[in-house]
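Dumping the structure here so I can ask a few things about it.
Sequence lines set the chain letters: A, B, ... in the order given, protein chains first and strands last, and positions in each chain run from 1.
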There are 2 protein chains.
Amino acid sequence: MVYRRTKKVDQKLEARLQAIMQAARDEFARNGFYGTSIKDIARRAGVGVGTIYLYLRNKDALFAALVNEAYEMVLDRIARARKNAGSGRQKLQASMEAALAVLQENRDLARVMLVQSPAGHPAVAEQLYDLLHRLAKLVEEDVEEEIARGELPPQDARIASLAFVGTFYQVVMGWLKEGVPADLTAAGKELVAYNLRGLGYRVEGVKEDG
Amino acid sequence: MVYRRTKKVDQKLEARLQAIMQAARDEFARNGFYGTSIKDIARRAGVGVGTIYLYLRNKDALFAALVNEAYEMVLDRIARARKNAGSGRQKLQASMEAALAVLQENRDLARVMLVQSPAGHPAVAEQLYDLLHRLAKLVEEDVEEEIARGELPPQDARIASLAFVGTFYQVVMGWLKEGVPADLTAAGKELVAYNLRGLGYRVEGVKEDG
DNA sequence: TGAAATAATGAATCTCTATTCATTGTTTGA
DNA sequence: TCAAACAATGAATAGAGATTCATTATTTCA
């Protein structure tokens, strides 16, 4: 009468949770928060409707978990990239490249986070805004440092950092919504140059290729 | 038995329609599409629920009408600003200033269009994306012209124009969501400088203040 | 193997809100 | 002033979909 889960069942439960999360990622990425029903997710995951409620408190929690997953992934990747960078300029450049790389590798998650999350629960939409805000803060600090060092001309670091983050947002949205640019990291080269120039760095002539 | 509307009634009807539209603008701007019920709008407009359906087909149509209103206003304002501009650089600068000015003058509408519209019906969200896309196209043409003229260095005009539009999106979102910058058109000066530098123009030293 | 414990199921419930329409109020013109 | 036409109203309807829970299936271990 003592029931204790075997490893086999544990694995099954874990696999089920993953199946549900994956199904949710697919559905939310394609149809948005309001366009996706729990039934849709259950069907795709191959489980009953009630099963989902054994794993996640409710629909909001499920969506929030996904957004959070994306959020952590992006921040973590950028933080790691910055660790290996020396100068402020290198930090900025490394951040940009890391952000584009991680998005390119997780297109569905990016779609949930950037395209669909604003359409979800207001609290969840706030999360995306908060992420962009945090990224802008990082940039702002770098820019202020560089201004103090005389590497960049005096300017409103706040506006510059918002502008900086904004360029990414728009380019990534283009990639997500119509596949242009086709290769995000390749386009990154131009984007990096645009922002470095925008901030006031001297940038070597940007050749179209190689 | 022949009933013909008098001018007085016509005016009353028009005023009522406007009251409904204004109430919808307020509510949608604050609570988004799904967070706003027809009842909310009716209450704020001081009319019965059914009355709204005498003026507008349904909730979607009401929302779409508002988004469209914002859309037209922005495009129109930019088009007019560009007419008075000579060089490509002037066209770009005039577009930027016009966009910021019209948004600053219509904050609620801007909020509906930029913050809440993606949360509405997918078809309506598409409209916002389409607007940004159109603006990017305008920029792209200007940039290509300037490259051909040798006024700007060779670059991927597509990426540059997306980046350009993106800077605005982000700064305007900051203004809408937390009031930073407080004065959009004032911040515009920095923003214009950022983008002109980003594109590759030589920009005179940007002083912090007048 | 079988009784106890855990997991999964999906029909039924519950809630919410867009939309309708029978009723009431207002305007018109003779 | 009054009957016909128009306009406004909000309670009732309808439909969608999130969540629950009584029932069934699976797992454990003596």
(message) Can you tell me how far apart NZ (A/K91) and CE (A/M96) are? Round to the nearest 0.5 Å.
(response)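 It comes to 13.5 Å.
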(message) Using whole Å, what does the distance between atom C1' of nucleotide D/dT20 and atom OH of A/Y55 come to?
(response)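 Roughly 18 Å, once rounded to whole Å.
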(message) Strictly below 4.0 Å, N to O, side chains only: are B/R30 and B/D26 in salt-bridge contact?
(response)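 Looking at B/D26 together with B/R30, the answer is no, because their closest N to O distance does not fall below 4.0 Å.
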(message) Among residues at least two apart in sequence or on other chains, which ones pass side chain to side chain contact (heavy atoms under 4.5 Å, CB included) with A/A101?
(response)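 In terms of side chain to side chain contact (heavy atoms under 4.5 Å, CB included), with neighbours along the sequence ignored, A/A101 is linked to A/R77, A/E105, A/T185.
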If you look only at distance, which donor and acceptor atoms sit under 3.5 Å apart when one is on a side chain in residues 61-69 of chain A and the other is two or more places apart or in another chain?
residue	atom	partner	partner atom	Å
A/N68	OD1	A/Q127	NE2	2.9
A/E69	OE1	A/R25	NH1	2.9
A/E69	OE2	A/R25	NH1	3.0

(request) Starting from C1' on C/dT28, measure out to CG on B/D10 and report it in whole angstrom. (result)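 So the two atoms are 13 Å apart, to the nearest Å.
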(message) Closest-nucleotide mapping onto DNA chain C: is A/I52 or B/V9 further toward the 5' terminus? I mean the 5' end.
(response)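 In this pair, the answer is A/I52.
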(request) Rounded to the nearest 0.5 Å, what's the gap from CG on B/L162 to OH on A/Y194? Could you check? (result)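 Between B/L162 CG and A/Y194 OH, I get 10.0 Å after rounding to 0.5 Å.
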(request) Salt-bridge test for A/D76 and A/R80: reply yes if a basic N is under 4.0 Å from a carboxylate O, no otherwise. (result)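 A salt bridge links A/D76 with A/R80.
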(message) Tell me if the NZ atom of A/K177 is crowded by more than 12 foreign heavy atoms within 6.0 Å.
(response)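 It does: A/K177 NZ has more than 12 such atoms within range.
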(message) It should be established whether A/R16 places a side-chain nitrogen or oxygen under 4.0 Å from OP1 or OP2 of nucleotide C/dA8.
(response)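 So the side chain of A/R16 is within the cut-off, an N or O lying under 4.0 Å from OP1 or OP2 of C/dA8.
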(message) Check for me whether A/R89 meets the cation-pi criterion with A/Y201, that is, NZ or CZ under 6.0 Å from the six-membered ring centre and within 45 degrees of the ring axis.
(response)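 The answer is yes, since A/R89 meets both limits relative to A/Y201.
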(request) Decide whether B/T167 and B/N195 meet the rule of one side-chain donor and one side-chain acceptor closer than 3.5 Å. (result)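 Present: a donor and an acceptor within the cut-off.
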(request) Considering only NZ, NE, NH1 and NH2 on the basic side and carboxylate oxygens on the acidic side, decide whether A/K189 and B/D156 come within less than 4.0 Å. (result)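 Result for this pair is no, no salt bridge flagged.
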(request) Check whether any side-chain N or O of B/R5 sits under 4.0 Å from OP1 or OP2 of D/dA7, and answer yes or no. (result)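 True: B/R5 side-chain N/O within range (under 4.0 Å) of D/dA7 OP1/OP2.
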(message) Rounding to 10°, can you tell me the angle the first-five-pair axis of the helix from C/dT1-D/dA30 to C/dA30-D/dT1 makes with its last-five-pair axis?
(response)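 Terminal axis comparison yields 10°.
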(message) Could you check whether B/K7 pairs with B/D10 (Lys NZ or Arg NE/NH1/NH2 to Asp/Glu carboxylate O, under 4.0 Å)?
(response)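 Result for this pair is no, no salt bridge flagged.
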(request) Starting from P on D/dA7, measure out to CZ on B/R4 and report it in whole angstrom. (result)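 That distance rounds to 14 Å.
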(message) Could you tell me how far apart B/I41 (CD1) and C/dT17 (P) are, to the nearest whole angstrom?
(response)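 It works out to 12 Å between those atoms.
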Check: protein-nucleotides 22-26 of chain D nitrogen or oxygen pairs below 3.5 Å:
none

Give each protein N/O atom lying under 3.5 Å from an N/O atom of nucleotides 12-16 of chain C, with the pair distance.
none

(message) Does either side chain, that of A/Q18 or that of A/Y55, offer a donor lying less than 3.5 Å from an acceptor on the other one?
(response)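 A/Q18 vs A/Y55: no donor-acceptor pair found between side chains.
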(message) Please report the distance, rounded to the nearest Å, between NZ in A/K7 and P in D/dT28.
(response)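 Rounded to whole Å, this separation is 13 Å.
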(request) Could you tell me the separation between the CG atom of A/D40 and the P atom of D/dT19, rounded to a whole number of Å? (result)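 Those two atoms, CG and P, are 14 Å apart.
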(request) Summarise how protein sits on nucleotides 18-25 of chain C as a single string, 5' to 3': B when a protein heavy atom is under 4.0 Å from the base, S for sugar-phosphate-only contact, - for no contact. (result) SBB-----
(message) Under a 3.5 Å cutoff, is there a donor and acceptor pairing between the side chains of B/Q104 and B/D183?
(response)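 The criterion, which ignores hydrogens and geometry beyond distance, is satisfied for B/D183 and B/Q104.
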(request) Please confirm whether B/K59 makes a cation-pi placement over B/Y53, using NZ or CZ under 6.0 Å from the six-membered ring centre and within 45° of the ring normal. (result)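 Output no; distance or angle outside limits.
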